[in-house]
Amino acid sequence: MAVSPLRCALLSSALVVAEACTSIAVGRAATVDDSTLVTQTDDCAECDSRIVHIPARDHAPGSMRPILPYAASFPREVSDRSPQYSESDGRPATEPLGYIPQVLHTFAYWETTNPIMNEHGVGFGETTIDRTRLSAFQPNTTNFFYTHEAMKVALERCKTARCALRTMGDLVDRYGFYGDSPFSGESVSVIDPDEAWVFQVTVGARGKSAAWAAQRIPDGHVAVVANGATIRHIDVHDEDNFMVGANLFSAALEEGLWDGKEAFDFARMMQPDTMEVVPRYTSMRMWRIYSRLAPSLDIQPHVDPLAMPFSVRVEVPVSHRTLMDMHRDHYEGTEFDMRNGALAGPFRDPNRLEGGRGQRAVRGEIPRAISIPRTSYAVVVQSRPKKLAAKLGSAGVAWYASDAPATSVFVPFYANSAWGHGEPNDYGRGSMFKFDRKCAWWAFDFVANWMELDYENMSQVVVPAVKKAQDSLDASVARIEAKAGHLVSQGKREEALQVLSDWQTSAQQDVVDKWWQLADYLVVRFNDGFDNQCIDAGGPPRDVDKGQPSCKVGVPIGYPAWFLEEVGYGFDIRPHFVKPAGRTPPSMFSMGAQIDGPEGAPWMELLSPPVVVDTYWQGTKVRGQAGATQIAAATQAPQADLSAQLSAVGSGPALPQCLGVLAGVFVAVAGMVTSYLAGLRQGRREHLPDYYCYIQQ
């Protein structure tokens, strides 16, 4: 059976991955309303972000279900599974890789590139495990289940997470698994109203079948998966908390990954050395989420992802809004705050360009934020407690955000609802290959891209708009669910579901329409380097020439003073460059907490004390979040030799890969590099401060 060529996930020196997603799963005892929660960002530059409703169906005995190949870009599928998949862009119907026996009845569910949630509240979050140690899957073999298709079959047939896990596991064991590249595996976080699990799978021995394991997340815990395997030691006798595939242990033995004697460690044995593949790409995201939800554990930003726990107990119960905010994060308020530093530019842009010729030529590493520009969509799936689900007539809700979550709005899709009046709105239409004002993704993508011109100033408009829209949706959800609950109490469940379907379709479209209005507003207000504040008053006042200007047009934005100092601005008008210096521009300190505190990130709803991080400024250790006063005081001391400062910082095992980073940053400062090399030879682990380009006047 031939298998279509698979889209490769590119892992370059900058670790630009075609689909490098983040998934968070939370047990019901860790949430404010006893719901279980699971999330996913589909961080894919080319993925078809349309959300599609798959209706419930009855099937004739003896029917066969086609298994379709994985495809990401529009149209990801041309089939009769939904009227939305009739849109073909001139392509023929998708050819199946194979067929499996069909069941008599399949459940309804919502899906996009990956399936999201079915009518019984079973929900998914997915993330790629970038590489595995087993033999690569080879095209033109009998393997024909990628996780997206196994997940779909599970949603069609299952009412519980355990059923979904066993269904996916049995399918890949019997028919074979393939990843989105020859060496990749997959992780799927699975929830139902009672439980949350993590399922991780790779191809089996000699590139055939599959090797998988699943672990239950304790009820009061949160588990984060960010492109790396997290399941460690497996207790095969504890069936309440573990499941394993039929071929897992035999595949590890056959491939020489396990001797059959030592304790089996899935994450360590089934993927390459985690220190070889830009480890902080994974570990930083795990650290950030765990440190915010369990601050008392004082988890540090370890380099090795395997130093991070599988899950942690949540210290303050979370809601769907908490997880939305987690996905909007750029390490604000920490020493890794991506709004700071030369790459953030004059307007403190937390987004970074990935890949390209430069990063192939210059060794280094850019922090991988949780919210990144190439996100196709993000989703927070909320599976409701059974009593509440019965009262409302719906098993849960999937909160869906188009494009990068930092500047997007999560809108609700109820578990057992459908499109209002049977017609999709702008969330179910369009392609990223053609600009279209009838496509929700383009509305949010346009705003996000326009913000790149002046992120800091435009965020003062966009971030409050996000919060206002999210608050409004929450208030409307409470009202519409009360109405639906009243109908259910009268025995009118189908009518209640129709009320939910009609309302959500209208509310979703209203958000898109308002976002296009916001886009138009930003174009006019922030234009040609000016902040045209007059548009809020409908234009310049007629009596402006009489000395009564109630607003201004053409107000220059200009470069902030700290940036001018950072780039060596002065009276030499020729193009010039500056060298890295170990001191922060003085003008940064006048900005106070706006620079280094969480107050500068309006979307952050800190549910507990601030994150505790060992921060170093000019070689001075500042415990926890460094305040502007503390940092300024550190810089008042005479500027010592930076190599000596580095020598005083930290201790622990040396990290050889840090050498490449340091060499790239300090190539012009030979003395510092020499000192650092000496430190490595002595077995020290260096913790570097945040350096800015600064010429001292």
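Just so we're clear, the structure is a prediction, and the values are computed from it rather than from any experiment.
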For this session: For the pair Thr113 (side chain) and Ala72 (backbone), establish whether a donor and an acceptor sit closer than 3.5 Å, ignoring hydrogens and angles.
Result: no
Problem set entry | Sequence-distant partners of Arg50, salt bridge (Lys or Arg N to Asp or Glu O under 4.0 Å), two or more places apart | Asp48, Glu87
For this session: For Ala214, enumerate each residue passing the side-chain contact (heavy atoms from CB on, under 4.5 Å) test, keeping only those at least two apart in sequence or located in another chain.
Result: Leu165, Trp197, Phe199, Trp212, Met243
Problem set entry | Gap separating the CG atom of Asp474 from the CZ atom of Arg321, nearest 0.5 angstrom | 5.0 Å
For this session: Examine distances only and state if a side-chain atom of Asn118 and a backbone atom of Gly121 form a donor-acceptor pair shorter than 3.5 Å.
Result: yes
Exercise. Can Ile100 and Arg174 be said to form a side chain to side chain contact (heavy atoms under 4.5 Å, CB included), step by step?
Worked result: CA-CA 11 Å; Ile100 63 171; Arg174 180 174 180 181; over 6 Å; no
Exercise. When rounded to the nearest 0.5 angstrom, what is the spacing between CD in Gln504 and CG in Asn425?
Worked result: 8.5 Å
Exercise. Just how far is it from atom OG1 of Thr39 to atom CE of Met324, taken to the nearest 0.5 Å?
Worked result: 11.0 Å
Exercise. Can Arg479 and Ser476 be counted as having a side-chain donor-acceptor contact under 3.5 angstrom?
Worked result: yes
Exercise. Is the side chain of Ser82 donor-acceptor paired with the backbone N or O of His53 at a distance under 3.5 Å, no angle test?
Worked result: yes
For this session: Given side chain to side chain contact (heavy atoms under 4.5 Å, CB included), test Leu248 with Phe266 step by step and report yes or no.
Result: CA-CA 9 Å; Leu248 173 61; Phe266 185 93; 3.7 Å; yes
Exercise. Within the side chain of Arg76, is there an N or O that forms a donor-acceptor pair under 3.5 Å with the backbone of Thr112?
Worked result: yes
Exercise. Do Phe107 and Ile54 have side chains that get closer than 4.5 Å, going by heavy atoms?
Worked result: no
Problem set entry | Distance flag, aromatic centroids of Tyr427 and Trp110, threshold under 6.0 Å | no
For this session: Hey, could you give me the OG/CG distance between Ser402 and Asp42, rounded to the nearest 0.5 Å?
Result: 11.0 Å
Exercise. Taking the six-membered ring for Trp, are Phe177 and Tyr146 parallel (under 30°), tilted (30 to 60°) or perpendicular (over 60°)?
Worked result: parallel
Exercise. Going by distance alone, is a donor N or O of one side chain under 3.5 Å from an acceptor N or O of the other, for Gln509 and Asp513?
Worked result: yes
For this session: Considering only NZ, NE, NH1 and NH2 on the basic side and carboxylate oxygens on the acidic side, decide whether Lys468 and Asp471 come within less than 4.0 Å.
Result: no
Problem set entry | Arg288 side chain vs Ala369 backbone, donor-acceptor pair below 3.5 Å | no
For this session: Taking atom types as modelled, find out whether His302 and Gln300 have a side-chain donor-acceptor pair closer than 3.5 angstrom.
Result: no
For this session: Can you run down the salt bridge (charged side-chain N to carboxylate O under 4.0 Å, His left out) pairs that involve residues 227-241, sequence neighbours left out, and say none if there aren't any?
Result: Arg232-Asp265
Exercise. Using the ring of each side chain (for Trp, its six-membered ring), is Tyr400 parallel, tilted or perpendicular to Tyr377, with breaks at 30° and 60°?
Worked result: parallel
For this session: Examine the side chains of His421 and Thr505 and answer whether a donor and an acceptor come within less than 3.5 Å of each other.
Result: no
Exercise. How far apart are the closest heavy atoms of Ala246 and Asp173, and which atoms are they?
Worked result: N-OD2, 3.1 Å
Problem set entry | Evaluation steps, ring-ring contact (aromatic ring centres under 6.0 Å, His included), between Trp441 and Phe74 | CA-CA 13 Å; Trp441 182 84; Phe74 177 89; over 10 Å; no
For this session: Decide yes or no on side chain to side chain contact (heavy atoms under 4.5 Å, CB included) for Asp502 and Gln498, but give the supporting numbers first.
Result: CA-CA 6 Å; Asp502 292 345; Gln498 190 61 52; 2.8 Å; yes
Exercise. Thr106 and side-chain hydrogen bond (donor to acceptor under 3.5 Å, both in side chains): which partner among Arg157, Glu156, His59?
Worked result: His59
Exercise. When rounded to the nearest 0.5 angstrom, what distance separates OH in Tyr85 from CG in Asp80?
Worked result: 12.0 Å
For this session: Report the C-alpha separation of Met284 and Tyr331 in whole Å, then their side-chain angles, then the decisive distance to 0.1 Å, and conclude whether the side chain to side chain contact (heavy atoms under 4.5 Å, CB included) test is met.
Result: CA-CA 9 Å; Met284 286 295 294; Tyr331 308 113; 3.3 Å; yes
Problem set entry | Heavy-atom side-chain proximity of Met326 to Val318 below 4.5 angstrom | no
Exercise. Checking Thr36 side chain against Asp194 main chain: does a donor-acceptor pair fall under 3.5 Å?
Worked result: no
Exercise. Quick one: does Leu392's side chain get under 4.5 Å of Tyr414's, heavy atoms only?
Worked result: no
Exercise. Can you tell if the side chain of Phe410 reaches within under 4.5 Å of the side chain of Pro405, non-hydrogen atoms only?
Worked result: yes
Exercise. Are any of the side-chain nitrogens in Asp43 or Arg368 under 4.0 Å away from the carboxylate oxygens of its partner?
Worked result: yes
For this session: Report yes if the side chains of Ser417 and Trp503 come closer than 4.5 Å at any heavy-atom pair, otherwise no.
Result: no
Exercise. Between Ser291 (side chain) and Ile299 (backbone), is there a donor-acceptor pair under 3.5 Å?
Worked result: no
For this session: Assign the ring pair Phe249 / Phe264 to parallel, tilted or perpendicular, where the plane angle (0 to 90°) is split at 30° and 60°.
Result: perpendicular
Problem set entry | CA sep, side-chain torsions, deciding dist, call: Gln200, Ser187, side chain to side chain donor-acceptor pair (under 3.5 Å) | CA-CA 4 Å; Gln200 296 180 339; Ser187 180; 3.2 Å; yes
For this session: Could you tell me whether a side-chain N or O of Gln215 sits under 3.5 Å from a main-chain N or O of Ile234, the two making a donor and an acceptor?
Result: no
Problem set entry | Euclidean distance, Thr41 OG1 relative to Arg328 CZ, rounded to 0.5 Å | 13.0 Å
For this session: Taking the two cysteines Cys158 and Cys163, decide whether their SG atoms are closer than 2.5 angstrom.
Result: yes
For this session: For Thr147 and Glu126, test the side chains for any donor-to-acceptor distance below 3.5 angstrom and give the result as yes or no.
Result: no
Exercise. Any side-chain heavy atom of Val409 sitting closer than 4.5 Å to one from Trp515?
Worked result: yes
Problem set entry | Under 3.5 Å donor-acceptor, His120 side chain and Pro193 backbone | no
Exercise. Should Asp325 and Arg292 count as an ion pair when the cut-off is N to O under 4.0 Å?
Worked result: no
Exercise. Are the side chain of Gln84 and the backbone N or O of Ile51 linked by a donor-acceptor pair below 3.5 Å?
Worked result: yes
Exercise. Considering residues, nucleotides and ligands other than Arg57, do more than 12 of their heavy atoms fall under 6.0 Å from its CZ?
Worked result: yes
Exercise. Under 4.5 Å between any side-chain heavy atoms of Lys152 and Arg81, yes or no?
Worked result: yes
Exercise. Applying the side-chain hydrogen bond (donor to acceptor under 3.5 Å, both in side chains) test to Asn227, which of Thr22, Thr282, Thr127, Thr128 qualifies?
Worked result: Thr127
For this session: For the residue pair Tyr290 and Val222, establish whether any side-chain heavy-atom pair is separated by less than 4.5 Å.
Result: yes
